[in-house]
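Have a look at the structure below, then the notes.
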Amino acid sequence: MGRITLAGVTKRFGETEVIPPLDLEIADGEFVVFVGPSGCGKSTLLRLIAGLEDVSSGQVSIDGRDMTEAPPAQRGLAMVFQSYALYPHMSVRANIAFPLRMAGMDKAEQARRVEAAAEVLNLTAYLDRRPGQLSGGQRQRVAIGRAIVREPAAFLFDEPLSNLDAALRVGMRLEISELHKRLATTMVYVTHDQVEAMTMADKIVVLQAGRIEQVGSPLDLYHRPQNRFVAGFIGSPRMNFIEGPEAARHGAHVIGIRPEHVVVSQTEGPWKGRVTVTEHLGSDTYYHVHDTGLAEALTVRAPGDGMAAPGDEVWLQPDMDRIHRFDANGARI
Amino acid sequence: MSTRSSRKAARLMLSPSVIVLLVWMIVPLAVTVWYSLLRYNLLRPERTGFIWFRNYTNFVASPAFLSSIVNTLILVVGVLVITVVLGILIALLIDRPIWGQGIVRILVISPFFIMPPVAALIWKNMFMNPTNGLFAEAAKFLGLPPFDFLGHAPLASITLMVAWQWLPFATLILLTALQSMSSEQIEAAEMDGANALNRFWFIVLPHLSRAITVVILIQTIFLLGVFAEILVTTNGGPGTASTTLTFLIYKEALLGFNAGTAAAGGVIAVILANIVAIFLMIAVGRNLDA
Amino acid sequence: MARAVSIRRKSLNTFWAWLVALILFFPILWTVLTSFKPEAQAVASPPLFVDFDWTLQNYRDVQAQRAYFGYFWNSVVIALGSTGLGVLIGIPAAWSMAFVPGRHTRDLLMWMLSTKMMPAVGVLVPIYLIFRDLGLLDTRTGLVVVVMLMNLPIIIWMLYTYFKEIPGEILEAARMDGATLGKEILYVLTPMAVPGIASTLLLNIILAWNEAFWTLNLAVVKAAPLSKFISGFSSPEGLFYAKLSAASTMAIAPILILGWFSQKQLVRGLTFGAVK
Ligand SMILES: Nc1ncnc2c1ncn2[C@@H]1O[C@H](COP(=O)(O)OP(=O)(O)OP(=O)(O)O)[C@@H](O)[C@H]1O
Ligand SMILES: [Mg+2]
């Protein structure tokens with residue numbers, strides 16, 4: 001079981017309020033991802049759940065029990081840190097067994113669980129090494145191993161993959177997703193990589209300055225962003241925003257259109273501009289189009305074999321059904 | 001990292017250290033201040049009474065006081081000049097590529113680990129003794145009359161001994177600072193056409209300035225308290241020629257049994273040391289977050 | 001760094017560096033040599049360097065006449081006792097300041113440092129009288145406590161700078177793994193800080209061993225350590241060079257060797273982390 005409820009939780013560091021009153025419900029077995037720009041309070045929120053920081057006010061409950069005052073050890077949660085936080089003086093085996101040892105479990109049972117976890121994580125060959133003798137990915141797996149042996153009510157991950165190189169990151173992402181499928185345990189995952197968020201999450205929580213901007217499934221956020229911040233934050237390349245008369249024509253203060261929802265034409269279209277930069281990714285080509293009179297620059301995503309070159313005049317055909325409209329406060333209309 | 005319970009634990013674990021240091025600092029100091037205002041001779045404990053600042057005026061008015069301040073200054077400044085100047089030179093020398101650098105370092109640092117009374121006795125007897133000491137032998141070899149170092153130049157001799165003990169400290173710290181300097185900086189200066197002297201003056205010395213400050217301040221703290229070296233060599237003499245403030249207070253207290261006057265001297269010493277300490281705190285404090 | 005230096009330049013540098021090093025080390029070398037000379041040859045003129053009749057007689061005499069080992073044992077007890085006690089109460093304090101820093105941590109550290117700057121002589125009178133009244137004069141317990149207090153600020157500072165380098169996340173991980181505070185310090189922090197704790201111990205043992213103000217003023221015979229032992233040679237025994245040298249060698253040898261091992265940490269410890 002791992003249902004986590006935050007009710008009216010706030011956090012102040014001295015005078016500065018990092019988390020204004022916040023409510024959040026995380027269902028049992030859910031994979032929840034916190035995303036948001038750097039410094040928005042993702043780690044702080046996670047640490048409040050973990051009990052590594054106290055809330056300034058409000059209530060944290062786990063499975064319906066009030067855990068606001070409980071120390072981390074009693075919350076039944078496991079955490080995987082960005083820096084892995086392995087114990088450098090202990091072998092991999094001892095690292096994984098540490099929580100069991102702290103819980104006073106008997107030696108045989110400890111060994112059995114460590115072996116089982118090592119099996120799952122492909123660590124059996126490394127059990128007698130020190131963390132210093134492992135690669136980044138292996139260290140990450142040890143950290144996960146240390147978390148799973150306890151069979152916690154929920155896992156907390158704070159940017160666990162950000163120290164890995166790109167290829168490894170994709171692999172580990174899949175492993176964590178598989179782990180979630182297999183264990184069906186609640187996972188709360190902090191990242192600022194929206195690809196991780198989109199691919200892994202059942203539910204994404206978008207944070208800005210400690211406030212929840214939107215909670216929803218990945219596709220929900222993509223298709224129906226509640227406000228301009230979420231619209232700009234989710235999706236890559238970023239959504240284009242257009243103000244002024246063009247927006248007013250759609251009855252909005254600002255309209256947004258994603259780069260993939262604009263077609264480039266060399267003959268016709270409602271908008272016209274000049275290509276300044278093209279980025280060829282192979283599968284796709286990104287055009288940066290200036291001088292449209294709509295916005296500083298518009299980004300357009302076209303198939304990989306796009307033919308426009310820098311300096312070319314092009315016409316843009318937005319998919320009118322996919323235009324997002326926002327009012328002066330940034331809220332979705 | 002901090003929850004209410006961890007902060008509470010932190011306070012709890014900090015308190016033994018804070019309490020013992022607080023007691024160690026406050027209680028004796030308060031008692032010293034109290035005694036300094038009393039008539040208090042250990043040999044005549046029945047004659048007591050509150051005499052305000054008479055102990056201070058007595059202490060300050062005695063001719064030994066002024067000479068002890070002068071002696072302290074000479075000792076401290078002398079040792080500082082010798083150790084910093086030679087320390088820089090030796091550090092520059094050792095920092096260059098040489099064979100056996102590790103052993104050279106060990107040899108240079110060794111005097112620092114010698115217990116002060118041992119160092120003083122070695123110098124006093126085996127080197128500075130006017131009849132059998134090595135210096136006398138050297139003088140004889142050169143056909144010069146032997147010189148009675150501790151008899152005729154007691155303060156200079158003690159300064160030399162103390163400088164010998166502290167030179168390793170200065171050298172080691174300056175060497176550490178030198179080694180933290182990027183060779184690129186030197187090379188860039190070389191490319192800019194700076195000669196060796198210019199490089200030293202404009203690049204190396206400024207880089208060492210913080211280390212030099214630290215050396216000066218820390219040594220000053222320890223040098224103000226030089227005691228054993230004087231005790232086992234000259235006992236402050238001849239006359240008061242090598243009596244520093246620390247030693248004067250000691251003589252007053254444990255030889256003269258005059259607790260009141262000694263306490264007044266102690267208060268004066270504390271005040272002087274604190275003036276130095278403030279500068280040290282500023283210098284060290286600036287580097288605290290680093 | 002990798003600059004080609006001509007062999008000639010390097011030889012020259014080496015010559016000067018060794019010359020300076022040997023001059024600085026010479027008094028120690030001479031003392032050790034003299035300790036093996038018969039008393040008559042110790043004052044020979046011109047001085048003898050190695051071609052004398054090597055003997056261990058001086059060491060035997062010093063032990064027989066002056067009971068060296070009693071002093072040695074007191075030094076060991078005072079150095080180890082004060083350092084051990086200091087580290088025992090210093091570790092929790094350093095943990096607190098390194099991992100739960102508060103608004104006043106910095107001031108607290110500065111204040112601790114400032115106690116180190118109080119001249120000992122300033123409080124000699126009351127400490128002497130308090131010790132006399134408590135019956136602590138000339139006791140090892142008293143000296144252990146005083147020397148511990150002298151060095152406690154350095155101990156805490158050194159531990160603090162070493163602890164600061166340990167990432168707090170590892171301790172948090174231990175907390176998440178269910179470790180209590182005691183277990184966190186015992187199983188995670190202490191093993192990780194072993195090198196730092198070791199150098200703290202080493203440097204403070206050296207400082208305690210060489211302490212020569214309180215030991216000279218508060219010890220008489222029973223608890224007297226080597227500083228007192230050697231001061232007994234100030235006169236006229238000091239004129240027996242060979243015995244003085246043997247006594248000196250025995251007083252400094254153990255600590256000199258420890259010192260060679262600790263020289264790297266020395267800078268950091270004695271500058272309170274200001275120079276690394
Ligand atoms: N111990 C602290 N004391 C004071 N302010 C803090 C403390 N910890 C975090 N903050 C502040 O709280 C805010 C949120 O920090 P937090 O670490 O939660 O951000 P984050 O979303 O995890 O950012 P990142 O993506 O960079 O990890 C930041 O403005 C930070 O400066
Ligand atoms: Mg973070």
- Message: Applying side-chain contact (heavy atoms from CB on, under 4.5 Å) to Ile170(C) and Phe81(A), what does each step give before you reach the verdict?
- Response: CA-CA 9 Å; Ile170(C) 295 190; Phe81(A) 294 85; over 6 Å; no
- Message: Test of understanding: with side chain to side chain donor-acceptor pair (under 3.5 Å), list the residues that count as partners of Lys11(A), not counting sequence neighbours.
- Response: none
- Query: Which answer fits Ala50(A), side chain, backbone, both or neither, if we ask what part of it has an atom under 4.5 Å from a heavy atom of chain C?
  - Reply: both
- Query: What part of Leu86(A) gets closer than 4.5 Å to chain C, counting heavy atoms only: side chain, backbone, both or neither?
  - Reply: backbone
Around atom [atom1] of [X], are there more than 12 heavy atoms from other residues, nucleotides or ligands closer than 6.0 Å?
X         : atom1 : result
Phe13(A)  : CZ    : yes
Trp16(C)  : CH2   : no
Gln133(A) : CD    : yes

- Would a distance-only check, ignoring hydrogens and angles, find a side-chain to backbone donor-acceptor pair under 3.5 Å from His89(A) to Tyr187(C)? yes
- Hey, does the side chain of Tyr87(A) reach the backbone of Ala174(C) with a donor-acceptor pair shorter than 3.5 angstrom? yes
- Message: Please evaluate residues Glu172(C) and Arg47(A) with respect to the criterion side-chain contact (heavy atoms from CB on, under 4.5 Å), reporting the C-alpha separation (whole Å), side-chain torsions for both, the decisive distance (0.1 Å), and the verdict.
- Response: CA-CA 10 Å; Glu172(C) 294 185 336; Arg47(A) 293 161 58 82; 2.7 Å; yes
- Query: Given side chains that start at C-beta, do those of Pro88(A) and Met192(C) come closer than 4.5 Å, heavy atoms only?
  - Reply: yes
- Side chains of Thr180(C) and Met102(A): does their closest heavy-atom pair fall under 4.5 Å? no
- Task: Can you measure from CG (Asn95(A)) to CG (Asp177(C)) and round to the nearest 0.5 angstrom?
- Result: 8.5 Å
- Note on the structure: Output for pair (Arg75(A) CZ, Met176(C) CE), nearest 0.5 Å, gives 8.5 Å
- Query: Which one, Ala147(A), Ala85(A), Ala103(A), leads in non-hydrogen pairs under 4.5 Å with chain C?
  - Reply: Ala85(A)
